[in-house]
Amino acid sequence: MILDRCANALTYLGISPRLDTALKFLSEMNPSALEVNTRVELDGSDVFYSVGEPMLTHREMNFEHHKRYIDIHVPVTGTERIALCPAAARPQDAAFDEKKDIGFFPGRKINAVDVPAGWFCICFPDDAHVPGMISAGESHAIVKVVVKVRA
């Protein structure tokens, strides 16, 4: 997991060429040019992003994990809390949808991070996570970019 400001994204260049493509996008991202409910391919299905308006809520610890993709969570407005635990903590019989590259399992957080607008959180395939949480206050929507990078 990496948590940092978008302005520092280029600091992490060199981990992988596909991740470099995503990091360059983050460093140049213009929030006012983003359109909600869109998907944009930066490098075909290897690197793409979608822009949405998720509802942040207090929620149960139902962790998601991926095998083929890295998730980069980028709030454009507001602050999103993301709970984390190792994907290895999932039960052996936890279901996984290979086609959608996602599985879910109940668990306990090891850590949680607040990701404010202008920051990003990279969740690698070993980082199970619960996005879309709120740390305090009432449920509300934010604008958010999720970048998917083939691992």
Rounded to the nearest 0.5 Å, what separation is found between the [atom1] atom of [X] and the [atom2] atom of [Y]?
X	Y	atom1	atom2	value
Leu56	Ile134	CG	CD1	5.5 Å
Leu3	Asn8	CG	CG	10.5 Å
Leu84	Cys121	CG	SG	6.0 Å
Asp127	Asp71	CG	CG	10.0 Å
Lys148	Ser45	NZ	OG	12.0 Å
Asp46	Leu19	CG	CG	12.5 Å

Q: Go through the steps for Leu13 and Lys24 under the test side chain to side chain contact (heavy atoms under 4.5 Å, CB included), then give the verdict.
A: CA-CA 8 Å; Leu13 291 176; Lys24 289 173 186 173; 4.2 Å; yes
Q) Do Phe104 and Met55 belong to the same hydrophobic cluster, where Ile, Leu, Val, Met, Phe, Trp and Tyr are linked whenever their side-chain heavy atoms lie under 4.5 Å apart, directly or via other members? A)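 Different hydrophobic clusters.
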Q.
Would a single hydrophobic cluster contain both Val40 and Val146, if residues Ile, Leu, Val, Met, Phe, Trp and Tyr are joined by side-chain heavy-atom contacts under 4.5 Å?
A.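 Not linked; separate clusters.
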Looking at every non-hydrogen atom in both residues, tell me the closest pair between [X] and [Y] and how far apart they are.
X	Y	answer
Arg39	Glu41	NH2-OE2, 3.4 Å
Val130	Arg59	CG1-CD, 3.5 Å
Ala87	Pro125	CB-O, 3.6 Å

Within a strict 4.5 Å, meaning less than it, do heavy atoms of the [X] and [Y] side chains meet?
X	Y	result
Leu10	Asp20	no
Val47	Arg150	no
His66	Ile102	yes
Ile142	Val76	no
Ile72	Leu26	yes
Ile70	Cys123	no

Q) Who else is in the cluster with Phe48 when I, L, V, M, F, W and Y are joined by side-chain contacts under 4.5 Å? A)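 Direct or chained contacts put Phe48 with Tyr69.
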**Q.** All pairs passing salt bridge (charged side-chain N to carboxylate O under 4.0 Å, His left out) where residues 89-102 contributes a residue, at least two apart
**A.**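 Qualifying pairs, neighbours excluded: Lys67-Glu98.
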Q | Criterion side chain to side chain contact (heavy atoms under 4.5 Å, CB included) on Val74 and Cys6, from CA distance to verdict | A | CA-CA 8 Å; Val74 190; Cys6 291; 3.9 Å; yes
Q | N-O pairing of Lys144 and Glu80 below 4.0 Å | A |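 A salt bridge links Lys144 with Glu80.
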Q: Look at Asp43 together with Arg18 and state whether they make a salt bridge at an N to O cut-off of under 4.0 Å.
A: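 Looking at Arg18 together with Asp43, the answer is no, because their closest N to O distance does not fall below 4.0 Å.
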(Q) Donor-acceptor check, side chain of Thr57 to backbone of Ser139, threshold 3.5 angstrom: yes or no? (A)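 Not at all, since once roles are kept as given, no pair shorter than 3.5 Å links the two residues.
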Q: Take Ile122 and Val147 through the test side chain to side chain contact (heavy atoms under 4.5 Å, CB included) and record every step on the way to the result.
A: CA-CA 9 Å; Ile122 301 177; Val147 184; over 6 Å; no
Q | Pair listing, ring-ring contact (aromatic ring centres under 6.0 Å, His included) test, anchored in residues 71-100, at least two apart | A |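 As it turns out, the ring-ring contact (aromatic ring centres under 6.0 Å, His included) pairs with a partner in residues 71-100, which skip direct neighbours, are His65-Phe96, His73-His129.
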Q | Inter- and intrachain pairs under ring-ring contact (aromatic ring centres under 6.0 Å, His included), touching residues 7-36, at least two apart | A |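 Residue pairs with at least one partner in residues 7-36: Phe25-Tyr49.
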Would you be so kind as to tabulate the donor-acceptor pairs closer than 3.5 Å made by side chains of residues 28-36, with sequence neighbours excluded?
unit_1	atom_1	unit_2	atom_2	d
Asn30	OD1	Ser32	N	3.1
Asn30	OD1	Ser32	OG	2.7

Sequence neighbours left out, cut at 3.5 Å: what donor-acceptor pairs do the side chains of residues 105-120 make with other protein atoms?
unit_1	atom_1	unit_2	atom_2	d
Asp114	OD1	Arg81	NE	2.7
Asp114	OD1	Arg81	NH2	3.3
Asp114	OD2	Arg81	NH2	3.2

Q: Quick one: do Val51 and Val143 satisfy side chain to side chain contact (heavy atoms under 4.5 Å, CB included)? Show the steps, please.
A: CA-CA 7 Å; Val51 183; Val143 174; 4.0 Å; yes
